[in-house]
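Order of the sequence lines fixes the chain letters, A, B, ..., with proteins taken first and strands second; residue numbering starts at 1 for each chain. Quick caveat, the model's predicted, so the values are computed rather than measured.
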There are 2 protein chains.
Amino acid sequence: MKNVWFKIEAMSAMRVALVNDYEVVAQGFLGMLRSYRDVLQVVEMDLRHNVSQPVDVTLYDTFAALQGDGEDVRQLAANPLAGKVVVYSWNLDPALVEAAFANGASAYLSKGLPARELVAALEAVHRGERPALAPERGAPQPVGGDWPGREEGLTPREAEVLALITQGLGNVEISERTHLSVNSVKTFIRSCYRRIGVTNRSQAILWGVEHGFRPDRGRIRLDEAGREPA
Amino acid sequence: MKNVWFKIEAMSAMRVALVNDYEVVAQGFLGMLRSYRDVLQVVEMDLRHNVSQPVDVTLYDTFAALQGDGEDVRQLAANPLAGKVVVYSWNLDPALVEAAFANGASAYLSKGLPARELVAALEAVHRGERPALAPERGAPQPVGGDWPGREEGLTPREAEVLALITQGLGNVEISERTHLSVNSVKTFIRSCYRRIGVTNRSQAILWGVEHGFRPDRGRIRLDEAGREPA
DNA sequence: CCTTTCTTCACCCCAAGGGGTGAAGAACGT
DNA sequence: ACGTTCTTCACCCCTTGGGGTGAAGAAAGG
C-alpha cells in the first residue's frame, strides 16, 4: 500500500550516495533507510573517496570528519557526479549551517531526524527545496544510525571524540574540528576513557585501533536491492 | 670441509628456539645464522608464545620486551621444553645479568657478538658451560640481526623505544623496562620523532602501528632446512 | 514532578610529554 | 688524531593532557 503510493508519486527512486570515513556509520545509515528503498536508493557509500557515479543527492555525514564548512564538502559540491550535497550533522550551530551553505551545500539536516522525516527532507532537496532544519532546540539525539563503539556503550559524542583521538588529533584540534570548547572535549575524553577502561591517550589510541575507530578506506557500491555485490 | 668437521664433533645439530614479539627481529636472527644450519637448527620462533616443542636452547631476545629478570624468562626457565634459556640482550649491566641468572637463565649473551661467536657461545651453553659475556665495554653494537624501522633509518635503541611507545608505555615505564634513565628515554624519543617525522606521541603510535611496531602474534615452526612450511 | 542520561562549559591543579642545551664515552672510518 | 654516529644522562622550560569539581539545559521515561 505504502509502496504503491510512493511509486505513483516518484518516477524513479532517488539515487543517493553517503560519504563518511567509518563503515559502521555508513552501514548504520543504510540500515536506517532499509524500508525506503522504493523512494530512495543508496547506490554508493564512500569511505575517504569522492562520489564515483552520478547520484541525485550526496549525504555527507560529519561524524569525526570536517564539518560542512571544510574542504570535503567543497570538493563534493564541485563534483558534478555528486548532485545536491546535503550536510548531515548533529551540530546545528547557525553560523556553521550558514558556512556550509556558503561552501556549496544545498541543505543541512539534523541527525536527530527520524528516518521518515529524513527521507522526506531528502526528497525535498531533490526537488530543489531547502527543507527546515528541525529539531532546533538542544542537541539532537541520534535516531537510528550507528557509530563505532556503540556496542561498547559509547555515546555518539564520546565516539566521535575517540575517533578523532584515534586519528591522532590533539584536544585543541578536536575542539576546532567539532566546534566545541576544549573543556567540552576534555569532558568527553574523561567519560570516554572511563567507559572503555583506559587512563591515557596512548591506551585510548590503541583501543581505538583495535575497535574500529580508524578511518576505513574504500567504496561500497550497492545494487538495486541495496546489497553489496558478492 | 667445515661441515664435515662439525658433523664429526656434534652428533646432531643443536635445536634452538627464538623468543621475541617482533617477527622482524626473529627473521633477522634466522638470517644471521643461515650459514650455521649444520650445527644449530632454529626450529621455532615464538611471537608471544612459549616454546612448544623440545629444544636444546631457547634464545630470549629482549628487544622491546621484559628484561632477563622478568616474568617471561621465569616462565621459559620453568618450561621443560625450553631447554637452556639464554638471554640475548644489548643491555649488559652486571646487576641485570645477575638477576637474569637468579631468574633461571643459563646464560646471558651480548647482541654485539658476531654470528660465529654467537654460535660458539650457544654450543658452550648446550654443553653446560656458561660462556663469557663479551663484549664488555660500552654498549654493544648489533652485528647482523634486524629490527623494525631499520629500513627507515632508526637505530636499535630508537626502534626499541618506539616499539614500547607503540605498546602504549609511558616514558617512566619505558625507563623501567629498559633500565635507562628517563632522560635517556626522552633523548631517544626526540631523535626518533625527528627521524620518522612526527611531533607527538599520538602520531608516533599511529606511525608505529602502520610500520610493524606492534607486537606480532603466532608461532613459526621451521623444517630441517630452516624454512617455514608452505 | 523527579530521575537519569547526554551535552556543553568553566575552572583548578598537577602529571606527563616534548623541545632545547650541554656533556661524555665508545666504536668506526678516514 | 679527528669527525661522525650511537648511546647515556642531566637540567631547563613550556605545552599538552588528565583528574577533579561544579553548573546548566534538553530529552526521555516513570
note: B:L169, atom CG; C:dA16, atom C1'; distance rounded to Å ~ 14 Å

Residues two or more places apart in sequence or in another chain: which of them pass salt bridge (Lys or Arg N to Asp or Glu O under 4.0 Å) with B:E129? B:R127

Atom CD1 of B:I189 to atom C1' of C:dG20: distance rounded to whole Å? 15 Å

Considering residues at least two apart in sequence or located in another chain, which fulfil the side-chain contact (heavy atoms from CB on, under 4.5 Å) criterion with A:E151? none

Which residues pass the ring-ring contact (aromatic ring centres under 6.0 Å, His included) test with A:F188, sequence neighbours left out? none

Mind calculating the distance between CG (B:L92) and P (D:dT8) to the nearest angstrom? 10 Å

Does B:T155 make a side-chain N or O approach to OP1 or OP2 of D:dT7 shorter than 4.0 Å? yes

Separation of D:dT8 atom C1' from B:W90 atom CH2, nearest Å, is 15 Å

Angle between the end axes of the helix from C:dC1-D:dG30 to C:dT30-D:dA1, five pairs per end, to the nearest 10 degrees? 40°

Can you name the residues that form a side chain to side chain donor-acceptor pair (under 3.5 Å) with B:D146, not counting sequence neighbours? B:R150

Could you note down all residue pairs passing salt bridge (Lys or Arg N to Asp or Glu O under 4.0 Å) where residues 159-178 of chain A supplies at least one of them, sequence neighbours left out? A:R157-A:E160

Has B:N171 got a side-chain N or O lying under 4.0 Å from the OP1 or OP2 atom of C:dG17? yes

In residues 190-209 of chain A, which ones come under 4.0 Å of DNA chain D, going by heavy atoms? A:R190, A:Y193, A:R194, A:T199, A:N200, A:R201

Sorted by first residue and then second, give each salt bridge (Lys or Arg N to Asp or Glu O under 4.0 Å) pair with at least one member in residues 193-206 of chain A; sequence neighbours left out. A:E158-A:R195

Could you state the atom-to-atom distance from CZ of B:R157 to P of C:dA26 in whole Å? 17 Å

What pairs with A:E44 under side-chain contact (heavy atoms from CB on, under 4.5 Å), at least two apart in sequence or on another chain? A:A17, A:D46, A:V51, A:S52, A:Q53, A:R219, A:R221

Which ones in residues 173-188 of chain B lie close to DNA chain C, meaning a heavy atom under 4.0 Å from one of its atoms? B:K186

Enumerate the salt bridge (Lys or Arg N to Asp or Glu O under 4.0 Å) contacts for residues 65-75 of chain B, please, sequence neighbours excluded, ordered by first and then second residue. B:E71-B:R74

Using a strict threshold of under 4.0 Å (side-chain N to carboxylate O), is an ion pair present between B:K111 and B:D61? yes

Sequence neighbours excluded and cut-off under 3.5 Å, please list the side-chain donor-acceptor pairs for residues 96-107 of chain B, or say none.
unit_1: B:N103; atom_1: ND2; unit_2: B:G68; atom_2: O; d: 3.0
unit_1: B:N103; atom_1: ND2; unit_2: B:G70; atom_2: O; d: 2.7

Would you say the rings of B:Y60 and B:Y88 are close, in the sense that their centroids are separated by under 6.0 Å? no

